[in-house]
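Here the structure is laid out as structure tokens; the discussion comes afterwards.
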Protein chains: 2
Amino acid sequence: MNGRFPIALHIMTLLCSAEGGVLSSEYMAGSINVNAVLVRKELSNLIKHKLVSSQAGKNGGYTLARSAAQITLAQIYETVKPEAVLGQAKNQPNPACPIGKQINQHISDLYIDIDRALMQKLGDTDLKAFVAKFD
Amino acid sequence: MNGRFPIALHIMTLLCSAEGGVLSSEYMAGSINVNAVLVRKELSNLIKHKLVSSQAGKNGGYTLARSAAQITLAQIYETVKPEAVLGQAKNQPNPACPIGKQINQHISDLYIDIDRALMQKLGDTDLKAFVAKFD
DNA sequence: TTATTTGTAATAATTTTTATTACAGTACAA
DNA sequence: TTGTACTGTAATAAAAATTATTACAAATAA
């Protein structure tokens, strides 16, 4: 399991708490304590999903693309969401086995269901509310 | 992300569909198409959680430890559940940063919440109902 | 007593994740 | 117009996690 969601959430939290001021990827990498290129990659992805804006050049950096009240944790999770919520084996189940032949379809159906519940839960909290919990 | 949950679910599905008959780890490995030692390890874990019983020796193998109607998908997930539902970065956020200092606690709180919702959802389906979907 | 099976350890191979280096492009400001 | 401080991204290396393989002791049925 990778750390993309916590990192994306950490980034978004920093940007929210900066209250409109720009932050550099180096600064954020320092807070997260992770390589700055990884932060820039994640930022790049967040920009693609229109949650973050950037400005190149001197005094450039990153800001939220819209107000924190309009960004839910579900939207943040969406940017890093894996194919399979509860994990994916890299095996190809035996198609000659009556169970093996069908299991992937049923797991996939289950995952759609789980994902819906998860997104609903994450949709309950917006970034502003999440950050309001910090002292 | 690893494939433990799908593998555990595949195992449980096979045992359920065997209707009380014993299955060997080799047979299950053939259906899942994964190494038999990995299957035995997962079975070992399922036994520890009292969902599966085993019998060593010739004609030995594995069976469900109780009726499939009394086993929920939540109980199966419980046996393989990772520390952090939505992933864990291996970094140690900067304690000198006001956000970094607190983020892990807030992520942890969020995860407890998410986990509760997830377990509730998975608790809705028992193994019998899951397997009933197979043709 | 032989064959088959679980249980587990040790190790190797593979894959995924993260870090590092490098550099082109942008923009500000002196 | 030149230097400086950024973003954006590619290429590669290092580290960590996952899965496969080999080996073998212990159990038990026939």
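Every heavy atom of this structure was used, including side-chain atoms; hydrogens, water molecules and symmetry mates were not. Below, chain A is the first sequence line, B the second, and so on; all start at residue 1.
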With no hydrogens and no angle check, is any side-chain donor or acceptor of [X] less than 3.5 Å from a backbone partner on [Y]?
| X | Y | value |
| --- | --- | --- |
| B:T125 | B:L122 | no |
| B:N2 | A:M1 | no |
| A:N91 | B:V34 | no |

Against B:S25, only a single residue in B:K41, B:R40, B:E42 fulfils side chain to side chain donor-acceptor pair (under 3.5 Å); can you say which?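 Exactly one candidate clears the test, B:R40.
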Walking DNA chain C from its 5' end, the first of B:G60 and A:M1 to be reached, judged by nearest nucleotide, is B:G60
Along DNA chain C (nearest heavy atom to each residue), the more 5'-positioned of B:K90 and B:M28: B:M28
Electrostatic pair B:K81:B:D115 at N-O distance under 4.0 angstrom: yes
Can you tell me how far [atom2] of [Y] sits from [atom1] of [X], rounded to the nearest 0.5 angstrom?
| X | Y | atom1 | atom2 | value |
| --- | --- | --- | --- | --- |
| A:K133 | B:L110 | NZ | CG | 7.0 Å |
| A:I32 | B:I99 | CD1 | CD1 | 11.0 Å |
| B:E83 | B:Q88 | CD | CD | 6.5 Å |
| A:L15 | A:I71 | CG | CD1 | 9.0 Å |
| A:M12 | A:I76 | CE | CD1 | 4.5 Å |
| B:T72 | B:K128 | OG1 | NZ | 15.0 Å |

Separation of atom CG in B:N91 from atom P in C:dT17, rounded to whole Å: 15 Å
Parallel, tilted or perpendicular: which fits the ring planes of A:F134 and B:H106, with parallel below 30° and perpendicular above 60°?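 Because their plane-to-plane angle lies in the 30° to 60° range, the rings of A:F134 and B:H106 count as tilted.
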Sub-4.0 Å heavy-atom contacts from residues 7-14 of chain B onto DNA chain D, ordered by number: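 Hits under 4.0 Å, by residue number: none.
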Quick one, which residues of residues 30-53 of chain A touch DNA chain D with a heavy atom under 4.0 Å?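 A:V37, A:R40, A:S44, A:I47 - these, ordered by number, are the residues of the stretch whose heavy atoms sit under 4.0 Å from the strand.
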First and last nucleotide of DNA chain D touching chain B, 5' to 3', heavy-atom cut-off 4.0 Å?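 Here the contact window of chain B covers D:dT18 to D:dA30.
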Does the side chain of A:N33 reach to within under 4.5 Å of the side chain of B:P93, using non-hydrogen atoms?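 The answer is no; the side chains never approach within 4.5 Å.
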Could you check whether any side-chain heavy atom of B:L118 comes within less than 4.5 Å of a side-chain heavy atom of B:Y77, counting everything from C-beta outward? yes
Letter per nucleotide, 5' to 3', of nucleotides 25-30 of chain C [B base touched, S only sugar-phosphate touched, - untouched; heavy atoms, 4.0 Å]: -BBB--
Using five base pairs at each end to define the local axes, how bent is the helix from C:dT1-D:dA30 to C:dA30-D:dT1, to the nearest 10°?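 Between the first-five-pair axis and the last-five-pair axis there is 10°.
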By nearest heavy atom, map A:L23 and B:N2 onto DNA chain D; which one lands nearer the 5' end? A:L23
Any side-chain N or O of B:S25 under 4.0 Å from OP1/OP2 of C:dT6?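 Checking B:S25 against C:dT6: at least one side-chain N or O falls below 4.0 Å of OP1 or OP2.
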Donor-acceptor pairs under 3.5 Å, side chain of residues 56-65 of chain B to any protein atom, not counting sequence neighbours: which ones?
none

